[in-house]
Number of protein chains: 2
Amino acid sequence: MSKTAKSMGEQAHAMLRHQIISGAFAPEQPLRLAQLQERFGVGFSPLREALTRLTAEGLVTSEPMRGFRVAPLSQEDLRDTMETRAFVETEALRRSIRRGDDDWEARIVSSLHALGRQFERSGPDQPESLAALEERHRDFHFALVSASGSRRLEQIIDSLYVGSVRYRMPSLSNRQSTPARDLMAEHGAIADAALARDEALATCLLDEHYRLTAEMLSMAPAAPLGRTG
Amino acid sequence: MSKTAKSMGEQAHAMLRHQIISGAFAPEQPLRLAQLQERFGVGFSPLREALTRLTAEGLVTSEPMRGFRVAPLSQEDLRDTMETRAFVETEALRRSIRRGDDDWEARIVSSLHALGRQFERSGPDQPESLAALEERHRDFHFALVSASGSRRLEQIIDSLYVGSVRYRMPSLSNRQSTPARDLMAEHGAIADAALARDEALATCLLDEHYRLTAEMLSMAPAAPLGRTG
DNA sequence: GAATGCAAGATTTGCGAAAATCTGTTGATT
DNA sequence: AATCAACAGATTTTCGCAAATCTTGCATTC
């Protein structure tokens, strides 16, 4: 079961990606090669490849001869990203409701169940269960749109998810910032409407879900946006 | 005016990108480092960076320890890409019609004019004017949606354009493969509807434009799709 | 006193060689 | 005859150093 060690490039990519997403580096912070080499114990070449890939993913910015920085965050980008997610994912959900088979339904039921379990288990401040919760949440939303039949739509949804997860991470840790919101009920309602093949209701609920999320995140960002921190 | 020589990485990226888009490499063809090093006269590091970036753009695929290949083409991907373009760009056009100012209108008029001029000038088989025509075509479509106000939408449109241009390139060269189609008239009609702020008509025409393009490209691909060539 | 130019240090970028990995072939074994 | 192991060649991946470039601090000049 011990898989052969992945390439240094992939390792570096995964580690850096995780640390940026979880907020270990502040937005706009310079990412110096020497510093990263010491931190991760890999040479320049794999690091450069990792940073180039992260730049393409939008998590890192780069300027020629001036190195790499953690990509900035902003209220404007948060709003844009969530609106675009809503636009694209409602379409993918619509298509999935039309084309989804038994396996699609099963994926929704199973991922919703797993999300609920993790939600119960997740206490206030365990970084471990926090990452698990985020993964379950992601799985559920991907399951919803997993029968769209469009590879391109899936890729777009994936990249928009990456662009939004950094905003959600800090707010997940302090649970009190979700005042009058029953997340599991929202997710359950979306799943029910999808399984009932009610396009209008399901897409409307999903749209509202993202609107609420965007509002909540822009209200009380745990880390001030647009600062170098 | 002689700009300082760009970094080797950027040069390699631009050259490889151009050659892949213009079809100098067959789909699925392996891209060997040694071969590319000889062809472009740059070392391993810049080549690797270029290939990594192209992989993120979807023009190249990579498998760990097995190197890079030119990304495949397929009827299925062509259809998916054009449908997704239509879906995303009609929305961006809708928003642009609502929000577009005088500059937006000016960009449409000017890019349409330039496209028309280049269209007249473009003879049957000049690779130079062919590239220019493609660029004008691209500029016009980007101008149409340039007032959407959404950075994310712009990024998506850009990446989908890259994904579709390889299919159009071969068919542009043999003009007779566009039998009963007046491309300039189509573009003109779209521009008119946009400038008249007629959302329904403009988006409908744009959608139809992409549907026709997809049909035409899947009918008579100059190079057979899905073959190693 | 403020602005400019210069030098030293820090950082990114590029190159070639060494190490690790894969592929195809040959030869031995069942 | 078929299967498997090992070997040789080719290819990718990684590392360390040299070159190019940027930044910072300081002295000089107006």
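Bear in mind the structure is a predicted one, so any value in this text is a computation, not a measurement. Every chain is numbered from 1 and lettered A, B, ... according to where its sequence line falls, protein lines coming before strand lines.
Across all strands, Leu47(A) comes closer than 4.0 Å to no nucleic acid atom at all (heavy-atom distances).
If you take CE of Met8(A) and C1' of dC15(D), they are 10 Å apart, rounded to a whole angstrom. The separation between Gln37(B) atom CD and dT11(D) atom C1' is 12 Å, rounded to whole Å. Computed from coordinates, the Arg53(A) CZ to dT13(D) P distance equals 11 Å when rounded to whole Å. One atom, CD of Glu10(B), and another, C1' of dG14(C), lie 14 Å apart when rounded to the nearest Å. Spacing between atom CG of Leu36(B) and atom P of dA10(D) amounts to 18 Å, rounded to whole angstrom units. Straight-line distance from the CZ atom of Arg69(A) to the P atom of dT12(C): 11 Å, rounded to whole Å. Distance Gln35(B) CD to dA10(D) P: 15 Å, rounded to the nearest Å. Put simply, CZ on Phe68(A) is 15 Å from P on dC22(D), counting in whole angstrom units.
The side chain of Arg32(B) has dT11(D) as its nearest neighbour among dT11(D), dT12(C), dT14(D). In the set dT12(D), dG16(C), dT13(C), dT12(D) carries the atom at the smallest distance from any side-chain atom of Leu33(B). Looking at the side chain of Arg48(B), the nearest of the listed nucleotides dC15(C), dT13(D), dG16(C) is dT13(D). Each of dC15(D), dC15(C), dT13(C) was ranked by its minimum atom distance to the side chain of Ser45(A); first place goes to dC15(D).
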What pairs of nitrogen or oxygen atoms, one from the protein and one from nucleotides 18-20 of chain C, lie under 3.5 Å apart?
none

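For the residue pair His13(B) / Glu57(B), a side-chain donor-acceptor distance below 3.5 Å is found, with atom types taken as modelled.
A cation-pi arrangement, defined by a distance under 6.0 Å to the six-membered ring centre and an angle within 45 degrees of its axis, is present between Arg138(A) and Phe142(A).
Of the possible polar contacts, none joining the Trp104(A) side chain to the Ser96(A) backbone as a donor-acceptor pair under 3.5 Å is found.
Between Asp77(B) and Arg152(A) there is a salt bridge, since at least one side-chain N of the basic residue sits less than 4.0 Å from a carboxylate O of the acidic one.
Between Phe87(B) and Phe87(A), the ring-plane angle classifies as parallel under the 30° and 60° cut-offs. Aromatic ring pairs are classed by plane angle as parallel below 30°, tilted from 30° to 60° and perpendicular above 60°; the pair His187(A) and His141(A) is perpendicular.
Of the two residues near DNA chain D, Val42(A) and Leu31(B), the one whose nearest nucleotide lies more 5' is Leu31(B).
Not one side-chain nitrogen or oxygen of Arg66(B) sits closer than 4.0 Å to the OP1 or OP2 atom of dT13(D).
For the atom pair Leu31(A) CG and Leu47(A) CG, the distance stands at 10.0 Å (nearest 0.5 Å).
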